[in-house]
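What follows is a single structure, written as structure tokens, with notes after it.
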Amino acid sequence: MNKPFVVPVNPDSACQPPSAKDFMVDRTFRALSRIGVVLVLALVFALVFEVGRKALPGMEKHGLDVIFGTVWDVNQGKYGILPAIWGTLYSALIALVIAGFFGVSMAIFLTQDFLPAKLAAVFRTIVELLAAIPSVVYGLWGIYVVIPAIRPLTAWLNTELGWIPFFSTSLSGPGLLPAALVLAIMILPTIAAVSQDALTGVPMKTKQAAYGMGTTHWEAILKVMVPSAATGIFGSLVLGLGRALGETMALAMLVGNANNISLSLFAPANTLAALLALNFPEAGPNEIEVLMYAALVLMLITLIVNIFGSMIMMYAQRGNK
């Protein structure tokens, strides 16, 4: 009777059956991962519960008048956050358009063989360092550099094109445009970094196949590489928008902090995060209830944006498959 053939296993080889130690490490890692997920979810629920608990008295007193009101006057007991909601969404969308264009362009430039690999790595590090600059430094830079630099342009646009709602106000100090420009620079590293990872993750064979079919360099990038990485690029935009919605200090210094609803890019405005940061230190019990109400609204807006972005990404992934 012939003996079964046994393939010899080199003890130094990586191709070995898992040992008891490997099973234990795997089980431990899985258990720690589950515990981590549970702790994160518990932290989120605790945060929402605490904010909601403190906002509940304000919700019962004022109802939807806070959301649709346009006047914030503590002395009269009027609390309206609609201008802050408008300013939050408007400034974040403007910043997303600017940062999205330059962030994706930068990702293409750094990953599609326009630069030597070592030089591209240097530029990539410089861009990522922008995320390490404190928000207050961006705010100071906006006050002393951005606002004086764009003030002559805004005066000319108001004179020549003042009949257009976007240019109907002349910038004399803090306003929506300088806040959005600085905010775009702040979310640029996030969009650029995630977009680079998405483009790098596309298999090189895909690009080589496009060249084999006779495409030019730009055709391969715009018609093959970018569509293949579209899900990751869109994810970077969602992450950037999420950060833009919650940014506080720089916007508090640059947006003007005025309860104003206007399409003009040069008009002062307000945001929910700036409203919370500037009013909490001196707020009384009644005002704190409304501020927590505003914080709950901001959390809800961020949650809706992330859910909407996740749904679109899931739809795009199904389409690619």
Side-chain angles (χ1 to χ4, degrees), residues 67-68 70 81-107 130-131 135 138-139 142 146-147 150 153-154 157 161 164-169 171 174-195 230 232-277 294-295 297-313 315-316:
I67 297 178
F68 296 104
T70 58
I81 62 172
L82 184 60
I85 295 174
W86 168 259
T88 300
L89 297 175
Y90 198 20
S91 61
L93 289 176
I94 295 172
L96 182 66
V97 170
I98 298 172
F101 174 77
F102 286 102
V104 175
S105 300
M106 193 176 301
L130 291 174
S135 178
Y138 278 111
V146 177
I147 292 178
I150 66 175
L153 175 62
T154 61
L157 288 173
L161 303 174
I164 300 177
F166 296 106
F167 311 124
S168 60
T169 306
L171 182 71
L176 192 62
L177 182 61
L181 288 174
V182 172
L183 188 58
I185 297 174
M186 296 179 70
I187 66 176
L188 178 65
T190 300
I191 296 176
V194 179
S195 297
I233 292 174
F234 186 80
S236 73
L237 298 178
V238 173
L239 289 174
L241 180 60
R243 182 182 176 187
L245 290 172
E247 184 53 48
T248 304
M249 186 52 64
L251 289 184
M253 299 170 69
L254 293 172
V255 78
N257 306 309
N259 282 343
N260 179 38
I261 299 177
S262 174
L263 286 174
S264 176
L265 298 174
F266 311 139
N270 204 357
T271 66
L272 288 170
L275 178 72
L276 295 170
V297 172
L298 179 59
M299 293 171 64
L300 181 62
I301 291 174
T302 306
L303 178 64
I304 291 174
V305 167
N306 282 278
I307 291 176
F308 181 70
S310 299
M311 291 174 62
I312 294 181
M313 289 175 63
Y315 179 79

pair [X]-[Y]: side-chain heavy atoms closer than 4.5 Å:
X: Leu254; Y: Ile147; value: yes
X: Val255; Y: Pro268; value: no
X: Ile81; Y: Leu275; value: yes
X: Leu93; Y: Val97; value: no
X: Leu188; Y: Phe102; value: yes

N/O donor-acceptor pair under 3.5 Å between [X] side chain and [Y] backbone:
X: Asn257; Y: Ala252; result: yes
X: Arg243; Y: Thr190; result: no
X: Thr248; Y: Gly246; result: yes

Minimum heavy-atom separation for [X] and [Y], please, with both atom names.
X: Ala294; Y: Leu276; value: CB-CD2, 4.2 Å
X: Gly100; Y: Ile191; value: N-CD1, 4.0 Å
X: Leu82; Y: Ile67; value: CB-O, 3.2 Å
X: Leu251; Y: Ala179; value: CD2-CB, 3.5 Å
X: Leu183; Y: Ser91; value: CD2-O, 4.0 Å
X: Val182; Y: Ala250; value: CG1-CB, 4.4 Å

*Distance in Å, Ile187 CD1 paired with Leu245 CG, rounded so as to fall on 0.5 Å steps*: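 Output value for this atom pair is 9.0 Å.
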
*Which distance, rounded to the nearest 0.5 Å, do you find between the CD1 of Ile85 and the CG of Asn270?*
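Result: 11.0 Å between the selected atoms.
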
_Thr88: which residues meet the side chain to side chain donor-acceptor pair (under 3.5 Å) condition with it, sequence neighbours left out?_
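Side chain to side chain donor-acceptor pair (under 3.5 Å) check on Thr88 returns nothing, list empty.
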
*Which residues pass the side chain to side chain donor-acceptor pair (under 3.5 Å) test with Ser135, sequence neighbours left out?*
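Side chain to side chain donor-acceptor pair (under 3.5 Å) check on Ser135 returns Glu247.
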
*Criterion side-chain contact (heavy atoms from CB on, under 4.5 Å) on Leu272 and Ile301, from CA distance to verdict*: CA-CA 11 Å; Leu272 288 170; Ile301 291 174; 4.0 Å; yes

*asked:* Within the supplied structure, the quantity of interest is the number of heavy atoms (other residues, nucleotides, ligands) at a distance under 6.0 Å from Phe234 CZ; does it exceed 12?
replied: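 For Phe234, atom CZ is crowded (more than 12 foreign heavy atoms under 6.0 Å).
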
Could you tell me which residues satisfy side-chain contact (heavy atoms from CB on, under 4.5 Å) with [X], sequence neighbours excluded, listed by chain and number?
X: Ala267; value: Thr169, Asn260, Ser262, Ser264
X: Leu181; value: Ile98, Val146, Ile150, Leu177
X: Ala180; value: Ile94

_Which residues share a ring-ring contact (aromatic ring centres under 6.0 Å, His included) with Tyr90, sequence neighbours left out_ =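 So Tyr90 forms a ring-ring contact (aromatic ring centres under 6.0 Å, His included) with Trp86.
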
*Going through the checks in order, is the side-chain contact (heavy atoms from CB on, under 4.5 Å) test met by Leu157 and Phe266?*
CA-CA 10 Å; Leu157 288 173; Phe266 311 139; 3.8 Å; yes

